[in-house]
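First up is the structure itself, then whatever we jot down about it.
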Amino acid sequence: GAVVSQHPSRVICKSGTSVKIECRSLDFQATTMFWYRQFPKQSLMLMATSNEGSKATYEQGVEKDKFLINHASLTLSTLTVTSAHPEDSSFYICSARVAGVSIQYFGAGTRLSVL
Amino acid sequence: ELKVEQNPLFLSMQEGKNYTIYCNYSTTSDRLYWYRQDPGKSLESLFVLLSNGAVKQEGRLMASLDTKARLSTLHITAAVHDLSATYFCAVDARKLEYGNKLVFGAGTILRVKS
């Protein structure tokens with residue numbers, strides 16, 4: 001099956017710093033990538049949808065200036081959490097999809113802890 | 001707004017017993033997915049249901065989709081401890097007003113007791 005690599009798997013940072021999370025499709029070209037956030041014992045909440053070469057579409061309530069998404073190539077999307085605060089601590093999961101195919105392939109997730 | 005409701009949210013089962021998790025959704029869709037999540041891990045794809053009446057089975061798990069009733073079920077047969085995890089259903093909201101995205105249910109925490 002298709003493989004999506006997400007890095008890092010865990011990051012601990014100080015409040016006020018920025019953190020970048022990478023999501024790569026290893027054996028296919030992902031025209032669309034999705035970024036989700038999951039709080040403990042809760043479901044996945046979609047943060048944004050990113051299409052290669054265009055601006056990301058953010059869900060209502062998600063600050064686009066705080067969660068910067070870049071999808072510069074068909075195999076890489078990045079999520080940068082800017083000026084992180086403790087309330088940004090969460091599990092972030094990316095997924096990728098090929099054009100015309102509805103199935104999403106999920107990365108392993110990144111656990112962000114902001115001190 | 002597209003809503004996906006899963007129940008029960010928590011299920012404690014004895015080994016060897018059968019049970020069903022239900023997933024109801026509020027709009028027409030013919031694509032529904034079931035995922036498993038272990039603690040601290042990402043999602044593992046279990047089933048992809050792409051048409052009305054679709055039924056898929058893998059080991060002790062069987063999933064079905066009734067698009068007319070807007071209902072999918074995940075049936076567990078003769079539960080074993082290894083099935084303990086959180087199970088999510090997700091509906092493919094392909095209509096433009098929903099943004100062509102997956103909408104997840106709240107998840108069902110399954111605990112299988114010896």
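No experiment lies behind these values; they were computed from the predicted model shown. So that the names make sense, note that chain A is the first sequence line, chain B the second, and so on, each numbered from 1.
- Within a 6.0 Å radius of CD in B:E5, other residues, nucleotides and ligands contribute 12 heavy atoms or fewer.
- Of all non-hydrogen atoms in B:F88 and A:Q38, the two that sit nearest each other are CZ-NE2, 3.6 Å.
- For CE of B:M13, the number of neighbouring non-hydrogen atoms (other residues, nucleotides, ligands) closer than 6.0 Å is greater than 12.
- Of all the listed residues (A:Q6, A:E59, A:R111), the one sharing the greatest number of non-hydrogen pairs under 4.5 Å with chain B is A:E59.
- Looking only at heavy-atom pairs under 4.5 Å with chain A, the residue among B:S45, B:A90, B:S42 that has the most is B:S42.
- Only the side chain of A:I93 comes within less than 4.5 Å of a heavy atom in chain B; its backbone stays farther off.
- Both B:W34 and B:V103 belong to a common hydrophobic cluster when Ile, Leu, Val, Met, Phe, Trp and Tyr are linked at side-chain heavy-atom distances under 4.5 angstrom.
- A:W35 and A:V98 fall into different hydrophobic clusters, defined by Ile, Leu, Val, Met, Phe, Trp and Tyr side-chain heavy atoms under 4.5 Å apart, directly or through other members.
- Cluster annotation: A:F28 and B:L43 are assigned to the same hydrophobic cluster (Ile/Leu/Val/Met/Phe/Trp/Tyr, side-chain heavy-atom contacts under 4.5 Å, transitive).
- Cluster membership check: A:Y58 shares its hydrophobic cluster with A:I21, using side-chain heavy-atom separations under 4.5 Å among Ile, Leu, Val, Met, Phe, Trp and Tyr.
- Atom-to-atom distance recorded for B:K41:NZ and A:S9:OG is 9.0 Å, nearest 0.5 angstrom.
- The environment of A:K55 atom NZ is sparse: at most 12 non-hydrogen atoms of other residues, nucleotides or ligands sit within 6.0 angstrom.
- Closest approach of B:G105 to A:S43, counting heavy atoms only: O-OG, 2.6 Å.
- In this structure, CG on B:L102 lies 6.5 Å from CZ on A:F34, to the nearest 0.5 angstrom.
- Within the structure, every pair that satisfies the disulfide bond (SG atoms under 2.5 Å apart) test and touches residues 14-115 of chain A, not counting sequence neighbours, is listed here: A:C23-A:C94.
- Looking at B:Q37, only its side chain comes within 4.5 Å of chain A, counting heavy atoms on both sides.
- Of the atoms belonging to B:Y33, it is side-chain heavy atoms, and not backbone ones, that fall under 4.5 Å from chain A.
- For the pair A:Q104 and B:Y35, the tightest heavy-atom approach, listed with the atom from each and the gap, is O-OH, 4.0 Å.
- Counting only heavy atoms from C-beta outward, the side chains of B:D92 and A:I103 never approach each other to under 4.5 Å.
- In terms of heavy atoms, A:F91 sits closest to B:G40 at CZ-O, 4.1 Å.
- Between A:L46 and B:F104, the closest side-chain pair of non-hydrogen atoms is not below 4.5 Å.
- Linking ILVMFWY side-chain heavy atoms closer than 4.5 Å, directly or via other members, places B:L32 and B:I21 in a single hydrophobic cluster.
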